[in-house]
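Bear in mind the structure is a predicted one, so any value in this text is a computation, not a measurement. A, B, ... follow the sequence lines: proteins, then strands. Residue 1 opens every chain.
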Amino acid sequence: MSSPVVTRFAPSPTGYLHIGGARTALFNWLYARGRGGKFLLRIEDTDRERSTPEATEAILKGLTWLGLDWDGEVVSQFDRKDRHAEVAREMLKRGSAYKCFCTQEEIEAFREAARADGRSTLFQSPWRDADPSTFPDMPFVIRLKAPREGQTVIADRVQGDVTFGNDQLDDMVCLRADGTPTYMLAVVVDDHDMGVTHVIRGDDHLTNAARQTQIYKAMDWPVPVWAHIPLIHGPDGKKLSKRHGAVGLHDYQAMGYPASAMRNYLCRLGWSHGDDEFFTDDQARDWFDLNGIGRSPSRLDFKKLENISGQHIAASADAALLPEIEAFLAASGQPALTEAQRTLMSRGLYCLKDRAKTFGQLIEKAHFVLQSRPIAPDEAAAKVLDTVSRGILKELTPQLRNASWEREELETAVARVAEAHGLGLGKLAAPLRAALAGRTATPSIFDMMLVLGREETLARLMDAAA
RNA sequence: GGCCCGUUCGUCUAUCGGUUAGGACACCAGGUUUUCAACCUGGGAAGAGGGGUUCGACUCCCCUACGGGCUGCCA
């Protein structure tokens with residue numbers, strides 16, 4: 001029986017939740033959830049200079065919006081600093097680490113000289129094998145006594161076996177002179193203590209995995225399964241950065257993409273299950289596997305995201321859509337729906353959702369349900385509502401008043417009037433559209449009538465005809 | 001500089017030595033339609049370059065080019 005899967009997402013709280021980070025979190029979540037495992041969340045806040053509570057809040061909010069729920073409490077790495085120090089002392093006791101009294105100035109000077117001479121800048125501390133009786137009364141760091149020979153190999157589920165010569169890896173600092181742990185130590189201790197079995201993260205950590213493996217070995221701890229996934233690049237193929245525009249997950253929410261679409265798109269970016277492009281969360285959980293992750297970086301493609309988004313909106317249940325739309329309105333700084341608007345909106349979703357790729361577009365298409373009388377026509381609509389058209393609308397109104405409010409009968413009534421004037425349906429649809437919505441691009445006129453209801457429809461027609 | 005990773009249509013990708021190299025998005029051209037969206041049909045579009053290995057390479061190996069990562073008492 002294999003041990004249950006435990007994955008984690010471990011962002012550092014120095015800003016918003018990056019889109020790349022969101023994908024990393026998604027992969028971890030999918031992997032755990034698809035296997036009945038646990039998905040943990042740890043905030044790597046050991047850098048006190050750059051970590052902020054606001055950033056932590058933003059990350060939590062982002063994950064929540066994306067629908068990635070984590071198990072247990074959020075772990076603060078900083079809170080565990082005593083345990084990290086304890087492990088460092090344990091390594092000292094085991095002889096797998098040592099005290100180094102070199103000052104940062106000394107080390108920097110060494111590196112500069114090495115660079116100038118074209119030698120390796122790998123620092124080798126003179127204190128590695130020093131006699132304790134020679135220890136000065138000075139601050140010290142604790143460094144790992146890393147093997148100088150042989151190699152460290154990472155059995156990576158994405159990258160394959162990656163081998164590093166131990167002569168390339170220096171004796172990394174584990175505990176700083178002020179007694180706080182470095183990232184390298186903290187991750188290993190935390191991942192071990194939290195029982196993490198699979199470390200799925202960006203491939204910018206691939207080299208770190210080698211260093212971290214040495215710490216695991218030093219403590220005789222089992223090394224987790226590694227999976228280093230390629231980073232996401234911008235549309236220009238360069239590493240994704242602020243100049244590409246939207247890099248924060250919150251930007252995507254504000255752009256009106258549903259969370260389900262983001263999950264689908266992000267999941268498919270750098271991972272594949274044959275030719276499947278559009279899928280549900282259940283399918284993603286069933287299908288997601290480390291084997292399907294590609295080895296090359298992928299670029300963001302907004303057109304594709306938009307397409308996937310449209311499919312998700314169209315496939316969503318109306319009842320599920322409404323709260324998402326309201327969240328979008330709030331996230332993008334738009335006014336909330338009034339009670340009346342919400343009622344009409346939920347009644348109209350059936351004919352709106354398959355015409356929009358984003359919630360922004362949906363709101364745009366929903367113009368006719370969001371407006372109240374009198375409807376102010378835009379320029380194009382006003383042009384359509386000429387004298388002749390208004391006359392025809394006036395004639396249509398009484399016929400509709402007596403119609404049962406059902407699609408077939410409405411169609412018949414409108415067609416009859418059109419025919420009486422020797423017009424095609426299209427000719428009559430235009431002014432009707434203008435009267436009902438004040439726009440020239442709207443859902444079907446019959447859908448609008450059905451959604452608006454008899455009273456509102458007639459009132460709008462009479463407004464326009466007057 | 002050193003070490004490590006990557007490179008299939010514009011983009012995301014399939015292929016796991018033998019295919020007319022497939023799909024999706026995007027694009028172009030038609031069609032359909034009460035507008036918009038959608039939808040239908042068709043089209044152009046790829047193995048970075050060079051060497052090997054092999055009866056046969058997109059697939060395996062080497063070199064080059066390009067891109068990326070690491071090389072911190074940042075994470």
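Contact annotation for A:V141: base contact, defined as any heavy-atom pair under 4.0 Å involving a base atom. Residue-level contact check: A:T182 touches the backbone only, with heavy atoms under 4.0 Å from sugar-phosphate atoms and none from bases. Within 4.0 Å of A:E277, counting heavy atoms only, lies at least one base atom of the nucleic acid. Within 4.0 Å (heavy atoms only), A:R119 reaches no atom of the nucleic acid at all. Residue contacts for A:F278: at a heavy-atom cut-off of 4.0 Å it reaches no nucleic acid atom on any strand shown. Residue A:P443 is in base contact, counting any heavy-atom pair closer than 4.0 Å across all strands shown. Nucleic acid contact class of A:G202 (heavy atoms, under 4.0 Å, all strands): none. Contacts of A:I445 with the nucleic acid, taken as non-hydrogen atoms under 4.0 Å apart, include base atoms. Looking at heavy-atom distances under 4.0 Å, A:T440 makes contact with a base. Residue A:C267 is out of contact with every strand shown, counting any heavy-atom pair closer than 4.0 Å. Among the heavy atoms of the strands, none lies under 4.0 Å from A:R439. As judged by a 4.0 angstrom heavy-atom cut-off over every strand, A:A177 is placed among the base-contacting residues. At a threshold of 4.0 angstrom between heavy atoms, the contacts of A:S51 with the nucleic acid are absent.
Of the listed nucleotides (B:G6, B:C5, B:A75), B:G6 has the atom at the smallest distance from the side chain of A:R295. Listed nucleotides: B:A75, B:C25, B:G1. Nearest to the side chain of A:T121: B:G1. Residue A:A429 has its side chain nearest to B:U34 when only B:G6, B:C73, B:U34 are considered. Nearest to the side chain of A:Q77, among B:C12, B:A75, B:C25, sits B:A75. With B:U34, B:U11, B:C36 as the candidates, the nucleotide lying closest to the side chain of A:R355 is B:C36. Comparing B:G10, B:A14, B:A75 by their nearest atom to the side chain of A:S272 picks out B:A14.
Comparing A:Q168 and A:C100, the nucleotide of RNA chain B nearest to each residue sits closer to the 5' end for A:Q168. Residue A:S444 is the one, among A:S444 and A:F140, whose nearest nucleotide of RNA chain B lies closer to the 5' end (criterion: closest heavy atom).
Under 3.5 Å, the side chain of A:R433 and the base of B:U34 form at least one donor-acceptor pair of N or O atoms. Between the base of B:A26 and the side chain of A:K304 there is no donor-acceptor pair shorter than 3.5 Å. Side chain A:D203 to base B:G69: no donor-acceptor pair is found below 3.5 Å. One can find a donor-acceptor pair under 3.5 Å joining the base of B:C74 and the side-chain atoms of A:R50. Residue A:N208 places a side-chain atom within donor-acceptor reach of the base of B:A75, judged by atom type and a 3.5 Å distance cut-off alone. Side-chain atoms of A:Q104 and base atoms of B:G72 include no donor and acceptor less than 3.5 Å apart.
Contact annotation: A:T46 reaches the phosphate of B:A75 (side-chain N/O to OP1 or OP2, under 4.0 Å). Under 4.0 angstrom from either OP1 or OP2 of B:A75 there lies at least one side-chain N or O belonging to A:R176. For the pair A:T207 and B:G69, the criterion of a side-chain N or O lying under 4.0 Å from OP1 or OP2 is not met. Regarding contacts with the backbone of B:A24, every side-chain N or O of A:R268 stays at 4.0 angstrom or more from both OP1 and OP2. The shortest distance between the side-chain N/O atoms of A:K357 and the OP1/OP2 oxygens of B:A38 is below 4.0 Å.
One finds a salt bridge joining A:E86 and A:R83 here, because a Lys/Arg side-chain nitrogen approaches an Asp/Glu carboxylate oxygen to under 4.0 Å. Taking the charged nitrogens against the carboxylate oxygens, A:R119 and A:D117 do have a contact shorter than 4.0 Å, which makes a salt bridge.
Per the geometry, CZ belonging to A:F279 stands 12 Å off C1' belonging to B:U13, to the nearest Å. Atom P of nucleotide B:C27 and atom CD of A:E306 are separated by 10 Å, given to the nearest angstrom. Atoms CH2 (A:W127) and P (B:C73) sit 18 Å apart, rounded to a whole Å. Protein atom CG of A:D170 is 6 Å distant from nucleotide atom P of B:G72, rounded to whole Å. Protein atom NE2 of A:H205 is 23 Å distant from nucleotide atom P of B:C3, rounded to whole Å. Distance, A:I229 CD1 to B:G69 C1': 14 Å, rounded to whole Å. B:C74 atom P lies 15 Å from atom CD of A:Q212, rounded to whole Å. A:D156 has its CG atom 17 Å from the P atom of B:G69, to the nearest Å.
When the C1' atom is used for both B:G50 and B:C58, the distance is 16 Å, rounded to whole Å. Rounded to the nearest Å, the gap between the P atom of B:C40 and that of B:U32 is 16 Å. Taking atom C1' in both B:U15 and B:G30, one finds a spacing of 33 Å when rounded to whole Å. The P atoms of B:C5 and B:G51 are separated by 25 Å, rounded to the nearest whole Å. As rounded to the nearest Å, B:C3 and B:C63 have P atoms that lie 12 Å from one another. Here the separation of B:C16 from B:C60, taken at their P atoms, is 12 Å to the nearest Å. With C1' as the reference atom, B:C61 and B:A24 are 33 Å apart, rounded to whole Å. On the C1' atoms, B:C12 is 13 Å away from B:A46, given to the nearest whole Å.
In this structure, A:K81 is positioned above the aromatic face of A:F78, its NZ or CZ under 6.0 Å from the six-membered ring centre and within 45° of the axis.
The aromatic ring centres of A:W127 and A:F101 sit less than 6.0 Å apart. The six-membered or imidazole ring of A:Y183 lies near that of A:H205, with a centre-to-centre distance under 6.0 Å.
Between the side chains of A:H198 and A:T7, no donor-acceptor pair of N or O atoms lies under 3.5 Å. Neither side chain, A:H233 nor A:R299, offers a donor N or O lying under 3.5 Å from an acceptor on the other. A donor atom on one side chain and an acceptor atom on the other are not found under 3.5 Å apart for A:Q77 and A:H84. The closest side-chain donor-acceptor pair between A:S125 and A:D171, if any, does not fall under 3.5 angstrom. With 3.5 Å as the limit, one finds no donor-acceptor pair spanning the side chains of A:R201 and A:N28.
Pairing for B:C70 goes to B:G2, judged as Watson-Crick or G-U wobble with the two contacts each under 3.5 Å. Across all strands shown, B:U7 forms a Watson-Crick or G-U wobble pair, both distances under 3.5 Å, with B:A65. Across all strands shown, B:G43 forms a Watson-Crick or G-U wobble pair with B:C27, both key distances being under 3.5 Å. Pair assignment for B:U54 gives none, since no Watson-Crick or G-U wobble pairing has each distance under 3.5 Å. Nucleotide B:C36 is matched to nothing when pairs are restricted to Watson-Crick or G-U wobble geometry with both distances under 3.5 angstrom.
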